[in-house]
Amino acid sequence: MMRQSMPARWVGIFCAAVLGLFTAGCAPSWSESQTFVMNTVLSQNVEGSQDVTAENEKIARDLENKLSRTLEESEVARAVRSEAAVSVSEDTQTVARVSLEAWKETNGAFDPALGAFRDAWGFGQENPAVPKSEEIEALLAAPGAESIVTGNGTLFAGGAQIDFGGAAKGYALDKMRENMESQDVRNALVSFGGAVLAMGERQGGGRWRIGIRDPFSDDASSYIGTFELSDEIVQTSGISEQSFTENGVTYHHILDPQTGMPADNSLAAVSVVGESGIMTDIYSTALFVMGMEDGLRFADEHGIKALFISRDKKIRMSSDFDCRIQDLDSGYAVE
Amino acid sequence: MRSSKVVRASDWVFAGVCLAAAGILAVFLWSGKTAGENVVFRQNGKIVETVPLSENTRVELHGRYTNIFEIQDGQVRVVWTDCPNRQCEHTGYISSSGASIICVPNEVSASIQGRAGTVDAFTG
């Protein structure tokens, strides 16, 4: 039997120890990426190759090309222009079907036909402004979600100004998760606009830590509290996004379909947690429009995990909201 | 007569010392990567500049539009832009890891990275 000399053995052990520790420190590999799509930023931190993040970006871009109402050749834009039903992809049909079901389920609080209202207000555009009341009256009388029909691979707008902006990003997150799961990606964090998909654990172990942005702070990295998230999606709708001020009044971008005006209630933001991206996207908007009391009641009746932040800095949670809020800002109170 | 054991007690002692030394070295090197917070600037998704958060300076990013970022006293903000909606300017400032200022029209972002133990992402 061949025997090593003592120094050779020590060198071998030392090298193995160093190699082992550094290998453990480096693996597994994570990929980061950022791109701009659907008028927002898509940021990814994925335990996997750059191919995975590139595929996710392609998923979002392909969906934008189908669902955007501003890209002239998108399926939705073609449907809105057409006086007849147009052929659409399975994705567009799914988003249309789920959106219409949600429109009925929420009694119109979520409305996928507010495109003309968004144009009138100009949210996210160069010069947002309060529309004239006559313009809003005319839009309220125009065809709405009740005119939209989908099925058999087609979409019929019926004169409605379809806008799937309140569902498309959530649906895209669902498709990205499907893509990652099919490739055995276990750990990932994907931020898309105000939505976050958390899969598995963060780098170094432990559940992902999500901060709920303070809607009143000038510091965009200021949060009212944090919670841990794993294998779920959180989406938040609030007054701080795309707002503008005119004649001393600040207008936020979440429109009440009943009035055509920004939802005017006691809420500052609503966060919804769930496994479905498209439903968290839809419900966060719908619950905001409903307001604190009606929104809480709806969330409890439908088993939705929702957190409501009022303008007087009070926090209330639906009975199914099971995320423990940590690091709570002392200016906020949980009721 | 020499021992016929391949691994002796002294070897285990030495291996333990080596492991401890390597561990300390690894922790030292690893912590060195995250001790300081940096502001990472991206344009069209690619990192174009990384600046320590502790450095008071300005960074200009030119694309379809222009964004002038200011890093001052551990805070980052957009102090000037000619982008159409100027939402990046209205974002205010950021001061802790995990936070970003985004300019969608110019496809530019500034993110603070580096301090462990803070949030991984924001919602809202």
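Here is the naming used below: chain letters follow the sequence lines, and residue numbers restart at 1 for every chain. Computed from a predicted structure; not experimentally measured.
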Would you say that more than 12 heavy atoms from the other residues, nucleotides or ligands in this model lie under 6.0 Å from the [atom1] of [X], or not?
| X | atom1 | answer |
| --- | --- | --- |
| Arg311(A) | CZ | yes |
| Asp329(A) | CG | yes |
| Arg61(A) | CZ | yes |
| Glu275(A) | CD | no |

Next on the checklist: Looking at Gly45(B), is its backbone amide N or carbonyl O close enough to the side chain of Thr35(A) to form a donor-acceptor pair, meaning the two atoms are under 3.5 Å apart?
Outcome noted: no
List the atom of [X], the atom of [Y], and the distance in Å for their closest heavy-atom pair.
| X | Y | value |
| --- | --- | --- |
| Thr226(A) | Val119(B) | CG2-CG1, 3.4 Å |
| Gln34(A) | Ser111(B) | NE2-OG, 4.5 Å |
| Ser221(A) | Ser95(B) | OG-N, 2.7 Å |

Checklist entry - chain A heavy atoms under 4.5 Å from Val108(B): which part of the residue, side chain, backbone, both or neither? => result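 The answer is the backbone of Val108(B).
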Checklist entry - Side chain, backbone, both or neither: which part of Gln87(B) has a heavy atom under 4.5 Å from chain A? => result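 For Gln87(B), the contact with chain A is made by the side chain alone.
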Part of [X] within contact of chain B (heavy atom distance under 4.5 Å):
| X | value |
| --- | --- |
| Glu32(A) | side chain |
| Ile210(A) | both |
| Ser243(A) | backbone |
| Ser33(A) | neither |
| Val234(A) | both |
| Ala220(A) | both |

Item to check | Phe36(A) side chain near Ile102(B) side chain, heavy-atom distance below 4.5 Å | outcome: yes
Nearest 0.5 Å please: distance from the [atom1] atom of [X] over to the [atom2] atom of [Y].
| X | Y | atom1 | atom2 | result |
| --- | --- | --- | --- | --- |
| Asp218(A) | Thr91(B) | CG | OG1 | 11.0 Å |
| Asp120(B) | Glu201(A) | CG | CD | 11.5 Å |
| Thr123(B) | Ile233(A) | OG1 | CD1 | 11.0 Å |

Next on the checklist: Heavy-atom pairs under 4.5 Å with chain B - which of Arg213(A), Glu57(A), Gln235(A) has more of them than the others?
Outcome noted: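 Winner by heavy-atom pair count: Arg213(A).
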Item to check | Greatest number of heavy atom pairs closer than 4.5 Å to chain B - which of Asp219(A), Ile212(A), Thr40(A) | outcome: Asp219(A)
